[in-house]
Amino acid sequence: MSIQKPSLPKGTRDFGPLQMARRNFILDTIKDTFKLFGFQQLETPSMENLSTLTGKYGDEGDQLLFKILNSGNYLKDVEATDLEKGTAHVLPKVSEKGLRYDLTVPFARYVVMNRNEITFPFKRFQIQPVWRADRPQKGRYREFYQCDADVVGTDSLLCEVEILLMIKRVFAQLGISDYSVKVNNRKILTGLSEVIGEQGREGELCVAIDKLDKIGWEKVQEELAQRNFSADAVKKLEPIIGVNGSNEEKLAFLKSFLSTSEVGLQGVQELEEVTRLLTIYGESQEHLDVDVVLARGLSYYTGAIFEVKVNNVSIGSVSGGGRYDNLTGVFGLDGVSGVGFSFGVDRIYDVMDELGLFPQENLDQTKVLICHFDQAGFEYGLKVLQLLREAGIRSELFPDVTKFKKQLTYADKKNVPYVLVLGDDELVNQTATIKHMASGKQETVALGALIEQILE
RNA sequence: GUGGUUGUAGCUCAGCUGGUUAGAGCGCUGGUUUGUGGCACCAGAGGUCGCCGGUUCGAACCCGGUCUCCCACCCCA
């Protein structure tokens, strides 16, 4: 049998101890924040029935779903004629489950299935991996974590405000300072399409306009023309493209620009209300950037939309979300509106790495390593180990009776700050020698004083 | 799904127009130092040059295929 080189599936990663410490730092910050704002945790299975997942993300999305082959003889229902009809016809016969593509759809499914137990408004957060069969590239993986927080069952704009507050808190705690939270409202985009005389085509308008900062106004014009937007409409859109100034100025401009669109004005008003509530709460508008051309692809958004971009890094958006009117409609429960957003931990990690924001020292390292010279010292060490752990000190005993040098090298490599040296003298006198690795200084203390000495 | 790119030691990479036994740095193991790490010096282990086929007296190098990695597009976190 030949030995095969192990490898990982495309777009997946291992997380080593250092990466895990860092990821947990991010994850814990996010989790703490969600809890502080009254969100409760939910987990759903990695796999869902394919019928739950398909048709929720558009044709492209269905392509990107990982499907799970049925167990056993998965070909038993497939006829030769099915194969001729193509993959779309065979798929439901060989696969009835798929891996979760995002956390929103499973959440919607959960809400519908538990509608009688849930009291609304329902605030939940969910931190789990999702899978997409997309081609990986920078900042893009086939398995990655999402950290979603959603509130369903209320139209209050307080939810939007709280999303902004949570984003600000998380980024402040992570030490990311140069970022902007772009905000817009789908109603404004609807209004725009009305005002330029292309009513009802905001979806297409969004797709094109969303690329503005990437490909520039010239190319966006081309794309709009390609999508059969009239030259007149494109021309009418022009003033919007160059709009800048403070958020108030932008909103004032929008008010006049959208004066003939009732929906558009409503969108503006909602944004104004959000900023007003934010001010009452006592929070500044720092990092907040009303962005008229922010569109976001997801079609189910109907109100506010958010996107967070960290400046001066090569990574795309690290967080985003918005309000939707009818989350659960496809599962037969109408009238559940909500608003939600998601942190992309993997991208936040990449951003922090690129900016060098991770704390230098490993946060959950062993504090004390017990070293010894022989079996007697090892056994004495075992007793001392118990004392240390009883006191809640992260500690370990070197497991082999071996050269002292090897033990110290181990401590050094693992960045353990203290080493206990246990030899004959220490054993006879019931003492321990504490060596401080950084300075090299050491001191012998009685066992009774050991804990106190290390904790100080 | 489309286009491009990469593959040589555990890691980062050299390797000339095809020419004997494929190299370096870092890391690893051992030693200088049998109760003391980092630094230094010395020694050592470690490679089917992604895989398969072809051209050639001869291939890490040229050609074809395949896999893989990464990057861009589409879309997205």
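In this text, all values refer to a predicted model and were calculated from it rather than measured experimentally. Convention: sequence-line order gives letters A, B, ...; per-chain numbering from 1. Computed over heavy atoms, backbone and side chain alike; hydrogens, waters and symmetry mates excluded.
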Of the listed nucleotides B:rG35, B:rU36, B:rA77, the one nearest the side chain of A:Lys435: B:rU36

Nearest-Å distance for atom pair CG/C1', residues A:Leu64 and B:rU2: 14 Å

Whole-angstrom distance between B:rU68 and B:rG23, as gauged at atom C1': 25 Å

Whether A:Phe144 stacks on the six-membered ring of B:rA77 base, 5.5 Å and 30° limits: yes

Nearest-angstrom distance, P atom, B:rC74 to B:rG10: 39 Å

Whole angstrom value for the distance that separates P of B:rG38 from CG of A:Leu369: 15 Å

Side-chain donor/acceptor contact of A:Glu426 with base of B:rG35 under 3.5 Å: yes

Gap in Å between the two C1' atoms, one belonging to B:rC52 and one to B:rA59, rounded: 15 Å

Nearest-nucleotide 5' precedence on RNA chain B, A:Asp346 against A:Ala438: A:Ala438

Rounded distance (Å) that lies between atom P of B:rC76 and atom CD1 of A:Ile305: 12 Å

Any N/O donor-acceptor pair, A:Arg347 side-chain to B:rC76 base, under 3.5 Å: yes

Donor-acceptor pair (no angle test) under 3.5 Å: A:Gln407 side chain, B:rU36 base: no

Residue-phosphate contact under 4.0 Å: A:Lys10 side-chain N/O, B:rC69 OP1/OP2: yes

Charged N-O contact under 4.0 Å between A:Asp134 and A:Arg142: no

Aromatic contact, A:Phe306 with A:Phe341 (centres under 6.0 Å): no

Sugar-phosphate, base or nothing in reach of A:Ser317, heavy atoms under 4.0 Å: sugar-phosphate

Rounded distance in Å - CZ (A:Arg132) to P (B:rG1): 18 Å

Side chain of A:Asp412 - closest among B:rA77, B:rG38, B:rU36: B:rG38

Side chain of A:Gln137 - closest among B:rG37, B:rG35, B:rC74: B:rC74

From A:Asp291, A:Val183, A:Leu294, A:Val181, residue fulfilling side chain to side chain contact (heavy atoms under 4.5 Å, CB included) relative to A:Glu307: A:Leu294

Which nucleotide in B:rA77, B:rU36, B:rG31 has an atom nearest any side-chain atom of A:Leu408: B:rU36

Residue A:Arg135, side-chain heavy atoms: nucleotide from B:rA72, B:rA77, B:rG35 that is nearest: B:rA72

P-based separation of B:rG64 from B:rU5 [nearest Å]: 12 Å

d(CE, A:Met437; C1', B:rG38) in whole Å: 8 Å

Sole candidate of A:Val336, A:Val112, A:Val152, A:Val111 that passes side chain to side chain contact (heavy atoms under 4.5 Å, CB included) when paired with A:Ile118: A:Val111

Distance below 4.0 Å between A:Lys405 side-chain N/O and B:rG31 OP1 or OP2: no

Spacing of the P atoms in B:rC62 and B:rC26 (rounded, Å): 30 Å

Atom pair distance, as rounded to whole Å: CZ in A:Arg13 and C1' in B:rA77: 11 Å

Minimum-distance nucleotide (side-chain atoms of A:Lys138 versus B:rC69, B:rU36, B:rA72): B:rA72

Interatomic distance, A:Leu99 CG vs B:rA77 P [rounded to whole Å]: 18 Å

5' precedence on RNA chain B between A:Pro9 and A:Gly139 (nearest-nucleotide basis): A:Pro9

P gap between B:rC51 and B:rU8, integer Å: 10 Å

Donor-acceptor contact below 3.5 Å, side chain A:His287 vs main chain A:Ser180: no

Pairwise side-chain contact, A:Cys371 with A:Phe404, heavy-atom cut-off 4.5 Å (strictly under): yes

Whole-Å distance separating the CZ atom of A:Phe343 from the P atom of B:rA77: 14 Å

Check: A:Asp150 side chain, A:Arg124 main-chain N or O, donor-acceptor pair, under 3.5 Å: no

Inter-nucleotide P distance (B:rC67, B:rA72), Å rounded: 23 Å

B:rG31 and B:rG50, which share atom name P, separated by this distance in whole Å: 36 Å

Phosphate contact (B:rC28 OP1 or OP2) by A:Lys413 side-chain N/O below 4.0 Å: yes

